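Take a look at the structure below.
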Amino acid sequence: MRRLPVAVGFLTALAAGLLVAAPPASAHWSATGSATAAGSTATLAPPTAVTARLTGPAAVAVSWAASTGTPSPTGYLVTRTTGTTTAAACGSGATAPVTGTSCTDTAVPAGTHTYRVVALHRSWTATSAPSGPVVVSTATRLAFTTQPSTVASTASITPSPRVTVQTSTGVAVPVAGTPVTIALGANPNGGTLSGTTTATTDSGGVATFPGLSIDKAATGYALLATSAGLTQATSSAFTVTAGPAAKLAFTTSPGTSFAGRPFHDQPVVQVQDAGGNPVTTAAVTVSQALTTPAGATLACAPKAAVAGVATFTACSVDTVGTYTLTATAPGLTPAVSTPFTTVAAPTRLAWSEPSTTVCTGSGGTRFALTYTRCLFLLSAGTFTARITLTDSSGTPVVNHGPDVVVTLTTTTGSTNPTTLTIPHGAEVSSASTTFSPFYLLNTTSVLTAASPGLTSATAALQSI
């Protein structure tokens with residue numbers, strides 16, 4: 001504090017009012033006569049501890065310690081200096097000062113910048129020392145800086161893949177908070193990517209993706225990294241191998257079959273890892289059981305897996321019904337087949353679509369046909385028909401077993417062809433036979449259709 005003559009204090013205050021279009025920054029005194037008076041002046045203190053740090057691709061957070069002492073600032077002007085150029089920052093200005101002690105400068109151009117903070121009080125200003133330099137780089141692309149490596153199915157990729165935000169020249173942009181998403185680029189076996197697939201960059205501009213895994217084994221997978229506004233990145237190719245044996249799976253389940261006879265489609269069970277990939281090195285013995293037997297009996301001997309596959313033979317169920325099989329092996333998760341049905345087996349053969357030439361007076365049943373007046377002087381009748389599977393009442397039955405081969409024999413005469421086949425899934429033979437008896441008067445020629453386990457069908461051509 002110092003004392004001034006009254007006249008000098010008055011003139012000083014007046015001059016300040018003329019020079020600055022704002023209220024004076026200090027008090028003034030007035031008096032009459034030649035007396036003296038005392039007054040005090042104050043100094044506006046500058047802000048201190050100005051810091052600037054990058055918080056986004058083009059965003060800088062600026063903070064400072066407030067001015068202390070008297071008078072207190074009414075706000076702050078923030079400036080950014082790049083080289084020899086200084087500009088207002090954080091949207092601040094003389095008429096729009098920052099009232100707090102921090103702000104974020106956005107849309108900052110690429111370059112090296114320092115920041116100063118100016119305390120404002122009426123016409124007074126007090127400028128801080130500069131902040132440390134902050135470098136703003138223009139982020140344009142992503143890059144894998146830790147590549148994925150060979151990994152077992154469903155196991156985590158180690159080390160965790162890392163993606164870095166970079167400039168066009170490959171320089172890392174050390175900005176935290178940029179979201180990056182990982183997906184499968186090349187996907188040779190329809191795998192599913194699990195784990196942390198979205199992450200944000202740390203202060204070094206690096207996003208890390210822990211716990212990534214793929215369930216399907218194959219060679220040639222690749223990861224794809226994307227982020228809004230940045231060029232995407234593709235990882236190097238890598239391989240997913242089969243993991244340890246974990247479960248069983250039916251690759252073939254029985255279809256509709258005849259009760260008491262071997263399934264046409266015998267069960268096939270595969271040893272798999274947790275992702276459903278075949279484990280060809282697994283050496284286990286697989287057993288089968290009816291999931292819900294309901295009084296039925298399954299005949300099915302255990303099978304050792306060969307190259308991870310157990311192929312069963314001669315399995316059957318003795319009772320008509322609908323069932324599922326459960327496959328088990330020590331230490332592995334069991335598997336249940338798709339439902340299948342067993343039906344009654346056919347018991348007889350019968351003629352289908354029979355026709356004759358010359359012969360008249362057909363009779364008998366579909367199992368034993370009889371035709372008369374088939375032999376005349378210098379001419380003979382012919383008989384043509386197919387063979388069908390039936391139950392005991394003659395109702396056609398679909399062949400749910402292996403192809404049925406029917407053998408045709410005659411007492412006299414000839415037949416062409418001598419065998420007919422009823423394919424799996426059909427009721428009737430796929431071809432027909434033609435029977436021509438010898439030319440003999442007053443005789444009967446018989447054609448017999450036979451197959452093991454089935455009652456034969458006959459056709460007789462008589463001369464009278």
Side-chain angles (χ1 to χ4, degrees), residues 250-270 288 290 296-301 303 306 309-325 337-355 365-369 382-411 413-436 446-459:
F250 278 88
T251 56
T252 301
S253 293
T256 301
S257 302
F258 292 131
R261 297 187 183 180
F263 304 139
H264 180 264
D265 300 313
Q266 289 291 319
V268 179
V269 177
Q270 187 179 71
Q288 298 279 4
L290 286 174
T297 299
L298 171 69
C300 195
K303 285 289 181 180
V306 177
V309 177
T311 302
F312 290 82
T313 58
C315 296
S316 64
V317 174
D318 64 349
T319 305
V320 170
T322 299
Y323 307 95
T324 57
L325 298 178
S337 72
T338 56
F340 64 94
T341 300
T342 54
V343 298
T347 58
R348 306 189 70 172
L349 297 176
W351 297 110
S352 176
E353 306 172 21
S355 63
T365 67
R366 292 182 59 208
F367 309 113
L369 295 172
T382 60
F383 170 79
T384 301
R386 297 188 181 197
I387 287 292
T388 186
L389 289 174
T390 74
D391 59 17
S392 59
S393 65
T395 302
V397 175
V398 173
N399 179 18
H400 293 296
D403 293 353
V404 174
V405 177
V406 178
T407 301
L408 301 167
T409 58
T410 65
T411 55
S414 62
T415 184
N416 182 39
T418 58
T419 60
L420 294 175
T421 300
I422 303 174
H424 171 78
E427 300 175 355
V428 180
S429 63
S430 52
S432 60
T433 190
T434 299
F435 169 52
S436 300
V446 177
L447 174 65
T448 301
S451 185
L454 298 171
T455 301
S456 299
T458 62

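None of these values were measured; they are calculated from a predicted model.
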Show me, pair by pair, the donor-acceptor contacts under 3.5 angstrom made by side chains of residues 419-429, not counting sequence neighbours?
| unit_1 | atom_1 | unit_2 | atom_2 | d |
| --- | --- | --- | --- | --- |
| His424 | ND1 | Asn399 | O | 3.4 |
| His424 | ND1 | Gly401 | O | 2.8 |
| Ser429 | OG | Ile387 | N | 3.2 |
| Ser429 | OG | Ala431 | O | 2.7 |

Side-chain donor-acceptor pairs under 3.5 Å in residues 449-459, sequence neighbours left out?
| unit_1 | atom_1 | unit_2 | atom_2 | d |
| --- | --- | --- | --- | --- |
| Ser451 | OG | Val405 | O | 3.0 |

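The two residues Pro354 and Leu369 have their closest heavy-atom pair at CB-CD1, 3.8 Å. Across all non-hydrogen atoms, the minimal contact from Arg386 to Ser432 is CG-CB, 3.6 Å. Minimum interatomic distance between Val268 and Val309 (heavy atoms only, all atoms of both residues): CG1-CG1, 3.6 Å. Closest approach of Thr410 to Leu447, counting heavy atoms only: CG2-CD1, 3.6 Å. Looking at every heavy atom in both residues, Thr388 comes nearest to Pro396 through OG1-CB, 4.2 Å. Considering all non-hydrogen atoms of both residues, His400 and Ser257 come closest at CB-CA, 4.0 Å.
Looking only at distances, a side-chain donor or acceptor of Thr411 sits under 3.5 Å from a matching main-chain atom of Val446. A distance-only check finds a donor-acceptor pair linking the side chain of Ser337 to the backbone of Leu325 [under 3.5 Å]. Side-chain N or O atoms of Arg366 include one that pairs as donor or acceptor with a backbone N or O of Gly394 at under 3.5 Å. Asp318 contributes a side-chain N or O that, together with a main-chain N or O of Thr297, makes up a donor-acceptor pair within less than 3.5 Å. Checking side-chain atoms of Thr433 against main-chain N and O of Pro417 turns up a donor-acceptor pair under 3.5 Å. The backbone N or O of Cys315 sits less than 3.5 Å from a side-chain atom of Gln266, completing a donor-acceptor pair.
In this structure, Phe312 and Cys300 have side chains that are in contact, with non-hydrogen atoms separated by less than 4.5 Å. Using a 4.5 Å cut-off on side-chain heavy atoms (C-beta onward), Thr342 and Tyr323 make contact. Counting heavy atoms from C-beta on, the side chains of Phe258 and Pro346 come closer than 4.5 Å. Proximity of His264 to Thr256: side-chain heavy atoms (C-beta onward) are nowhere separated by under 4.5 Å. Contact check for Leu298 versus Gln288: side-chain heavy atoms found under the 4.5 Å cut-off. Residues Thr395 and Val397 fail the side-chain proximity criterion, which asks for heavy atoms closer than 4.5 Å. With a 4.5 Å cut-off on side-chain heavy atoms, Phe263 and Val317 count as touching. Taking 4.5 Å as the limit, every side-chain heavy atom of Asn416 sits out of range of all side-chain heavy atoms of Phe435.
A distance of 9.5 Å separates OG1 of Thr347 from CG of Leu389, quoted to the nearest 0.5 Å. In this structure, Phe340 CZ and Thr322 OG1 are separated by 9.0 Å, a value rounded to the nearest 0.5 Å.
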Inset, instruction - Kindly determine whether Phe383 and Thr415 satisfy side chain to side chain contact (heavy atoms under 4.5 Å, CB included), including the steps that lead there. - result: CA-CA 9 Å; Phe383 170 79; Thr415 184; over 6 Å; no
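With sequence neighbours left out, Thr434 forms a side chain to side chain donor-acceptor pair (under 3.5 Å) with Thr384.
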